[in-house]
Q: 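My questions all concern the structure below.
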Amino acid sequence: MMSLFNSKTVDIVFAVLLSYFAWNRYADGHTGVGILLAVVALLNIVAFIAKLRIEKKVNQNK
């Protein structure tokens, strides 16, 4: 159960939620807010990828 709420999972969940809200804001005509939310979602994806690479390096060094 605890592995469900690790930081990588949370990054993906936030990215999906922020993408949904970004699309919703963009569709309603709030382009600036939509772009801001899309950028934050992309940053969450970048954080997820960085965490995967760090974990891979740590596992290789063991």
Side-chain angles (χ1 to χ4, degrees):
M1 181 72 176
M2 291 305 293
S3 65
L4 181 65
F5 296 110
N6 63 20
S7 64
K8 291 182 297 231
T9 304
V10 172
D11 281 336
I12 293 297
V13 169
F14 280 156
V16 169
L17 285 173
L18 285 168
S19 299
Y20 169 75
F21 289 126
W23 178 256
N24 192 5
R25 290 295 91 205
Y26 181 76
D28 284 345
H30 300 112
T31 307
V33 176
I35 291 171
L36 176 68
L37 291 173
V39 168
V40 174
L42 287 174
L43 287 174
N44 272 329
I45 292 171
V46 168
F48 173 75
I49 292 170
K51 288 176 186 178
L52 283 179
R53 288 184 179 173
I54 290 169
E55 184 179 13
K56 183 178 178 182
K57 286 182 183 180
V58 167
N59 287 338
Q60 285 178 351
N61 291 335
K62 286 185 177 181

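Just so it is clear, the structure is predicted and the values come from calculations on it, not from any experiment. Throughout, numbering of the chain's residues begins at 1 and tracks the sequence.
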Q: Among Leu18, Asn24, Leu17, Leu42, find the residue that satisfies the side-chain contact (heavy atoms from CB on, under 4.5 Å) test when tested with Leu37.
A: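 Testing Leu37 for a side-chain contact (heavy atoms from CB on, under 4.5 Å) against Leu18, Asn24, Leu17, Leu42 leaves exactly one candidate, Leu18.
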Q: Identify the two heavy atoms, one from Ala38 and one from Ala22, that lie closest to each other, and give their separation to 0.1 Å.
A: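 Looking at all heavy atoms of both residues, the closest pair is N-CB, 3.7 Å.
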Q: With ILVMFWY side chains joined below 4.5 Å, transitively, what does Leu43's cluster contain besides itself?
A: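 For the cluster that includes Leu43, the remaining residues are Ile35, Val39.
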Q: Measure the spacing between NZ of Lys8 and CD1 of Ile54 and express it to the nearest 0.5 Å.
A: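 If we round to the nearest 0.5 Å, Lys8:NZ and Ile54:CD1 are 10.0 Å apart.
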Q: Out of curiosity, Phe14 CZ to Phe48 CZ, how far, rounded to the nearest 0.5 Å?
A: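 One finds 14.5 Å between CZ of Phe14 and CZ of Phe48.
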Q: Using the salt bridge (Lys or Arg N to Asp or Glu O under 4.0 Å) rule, collect all pairs that involve residues 9-25, keeping only residues at least two apart or in two chains.
A: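 For residues 9-25: Asp11-Lys51, Arg25-Asp28.
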Q: Could you state whether Val33 and Tyr26 fall into the same hydrophobic cluster, counting links through intermediate Ile, Leu, Val, Met, Phe, Trp or Tyr residues with side-chain heavy atoms under 4.5 angstrom apart?
A: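 No, Val33 does not connect to Tyr26 through the hydrophobic network.
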